[in-house]
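Encoded as structure tokens, the structure appears first; notes follow it.
Since the model is a prediction, treat every value here as computed from it, not as a measurement.
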Amino acid sequence: MEINPAHTWPAEFATRKAMIAHSNPIATSYKRTSIKLSKRIDAHPDSADLYRQRAMVSGSEGAVADIAIAREKGSTHPELDLILAQAYFEGGAYTKAQAAAATYQQRFPMDARPLIISASADLARKKGEHPAHCRNALVMLNRALALDSTNFAARVMHAYALTNTNYFAAGIAEYRRILTVAPHNPQVHFFLAEAYISAGNLTAACAHLAQATEYAELTVNAYIKAYCR
């Protein structure tokens, strides 16, 4: 899954080219903001909130370090653990990300964001059985969608987790509902095609593969060659 819970991608921004075009100006803005905050920190080294602000625009390692310093200097900002969870996730420290997300969730049980981070961490794990990770993610995603049923990333991950735990009919139905919101999203078409392949419906799979080339052209073409002769 190539969905980052830190970003609410516009529903049609599923191609790598579109994501890069969307991300580059954001990354540039974050870098400029980080430089400005570093200068302010040099002038006000005891400001806990400046470290917190820099953590929000820093890379994963820098964010973790800044949050630790912010806490040492007395920050009790309510979203510190959420920022920390996202920083750990982006650095690939999935267990730590889930622990920080759980700490935040205990304080703010009606916020879907830490649940989505925890689910994303399970789906991103490379070690262990992927279906088992998907089952863990489903628990979190069911709770997240009960709080925020419109979250696009959570809905796509939910459909993916369903189809990868052999709930093909439910996963396919969810993908189809997502396509009513984002009918031209090539990522969703690709995942739906994979679900149809797993369910044995190659005719439907090929129809959606034809609309998925912008997401993963080489993979899609390989699938078309294998299943759509």
Side-chain angles (χ1 to χ4, degrees), residues 1-23 94 112 115-229:
M1 291 293 290
E2 296 186 21
I3 296 176
N4 188 331
H7 305 291
T8 304
W9 300 109
E12 299 300 338
F13 275 24
T15 68
R16 288 177 176 83
K17 183 177 180 180
M19 284 185 175
I20 290 170
H22 184 69
S23 299
Y94 300 130
L115 297 167
I116 295 171
I117 291 174
S118 290
S120 299
D122 273 314
L123 295 180
R125 292 181 188 278
K126 303 301 182 183
K127 296 182 179 180
E129 294 293 325
H130 191 57
H133 296 320
C134 288
R135 284 191 290 272
N136 292 336
L138 274 176
V139 175
M140 297 296 177
L141 291 166
N142 285 332
R143 292 173 58 192
L145 288 169
L147 295 170
D148 181 6
S149 62
T150 65
N151 188 288
F152 185 77
R155 290 184 64 186
V156 174
M157 288 191 289
H158 185 250
Y160 176 89
L162 285 169
T163 57
N164 280 271
T165 49
N166 295 328
Y167 292 104
F168 298 121
I172 288 169
E174 178 69 350
Y175 280 132
R176 292 181 68 85
R177 283 192 290 270
I178 294 168
L179 284 175
T180 65
V181 177
H184 305 297
N185 187 306
Q187 184 181 49
V188 178
H189 281 289
F190 177 76
F191 289 149
L192 179 52
E194 283 195 319
Y196 274 128
I197 290 170
S198 297
N201 188 340
L202 298 186
T203 300
C206 292
H208 289 284
L209 284 171
Q211 300 181 71
T213 54
E214 286 188 80
Y215 173 64
E217 184 175 1
L218 293 177
T219 302
V220 170
N221 286 337
Y223 277 26
I224 290 173
K225 183 176 180 180
Y227 298 108
C228 306
R229 297 174 182 176

Donor-acceptor contact below 3.5 Å, side chain [X] vs main chain [Y]:
X	Y	result
His208	Phe191	no
Tyr167	Ala159	no
Ser149	Ala146	no
His130	Arg125	no

If you take all heavy atoms of [X] and [Y], which pair is closest and at what distance?
X	Y	answer
Thr163	Ile172	CG2-N, 4.1 Å
Ala144	Leu115	N-CD1, 3.7 Å
Cys134	Thr165	CB-CG2, 3.7 Å

Residues two or more places apart in sequence or in another chain: which of them pass side chain to side chain contact (heavy atoms under 4.5 Å, CB included) with Ala119?
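Scan of Ala119 (side chain to side chain contact (heavy atoms under 4.5 Å, CB included), adjacent residues dropped) gives Ala137, Met140, Leu141.
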Can you list the residues that meet the side chain to side chain contact (heavy atoms under 4.5 Å, CB included) rule with Asn166, with sequence neighbours excluded?
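Partners of Asn166 under the side chain to side chain contact (heavy atoms under 4.5 Å, CB included) test: Phe168.
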Working to the nearest 0.5 angstrom, can you tell me the gap between [X] [atom1] and [Y] [atom2]?
X	Y	atom1	atom2	answer
Phe152	Ile178	CZ	CD1	6.0 Å
Ile224	Thr213	CD1	OG1	7.0 Å
Leu209	Glu194	CG	CD	8.5 Å
Lys127	Tyr94	NZ	OH	11.5 Å
Leu138	Leu123	CG	CG	8.5 Å
Thr180	Arg177	OG1	CZ	9.0 Å

Does anything in residues 163-229 form a disulfide bond (SG atoms under 2.5 Å apart)? List the pairs, not counting sequence neighbours.
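Every pair satisfying disulfide bond (SG atoms under 2.5 Å apart) with a residue in residues 163-229: Cys206-Cys228.
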Test ring-ring contact (aromatic ring centres under 6.0 Å, His included) applied to His158 - qualifying residues, sequence neighbours left out
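Here no residue qualifies.
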Partner set under side chain to side chain donor-acceptor pair (under 3.5 Å) for Asn201, not counting sequence neighbours:
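Expected list: none.
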Taking the side chain as everything from C-beta on, heavy atoms only, tell me whether Val156 gets closer than 4.5 Å to Tyr160.
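No, their side chains stay 4.5 Å or more apart.
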Check against side chain to side chain contact (heavy atoms under 4.5 Å, CB included), Ile116 and Met157:
CA-CA 9 Å; Ile116 295 171; Met157 288 191 289; 3.5 Å; yes
On the 0 to 90° scale, with breaks at 30° and 60°, tag the Phe190-Tyr215 ring pair as parallel, tilted or perpendicular.
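Geometry flag for Tyr215 against Phe190: tilted rings.
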Could you give all pairs that pass the salt bridge (charged side-chain N to carboxylate O under 4.0 Å, His left out) test and reach residues 138-155, with sequence neighbours left out?
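Every salt bridge (charged side-chain N to carboxylate O under 4.0 Å, His left out) pair that includes a residue of residues 138-155, provided the two are not neighbours, is Arg155-Glu174.
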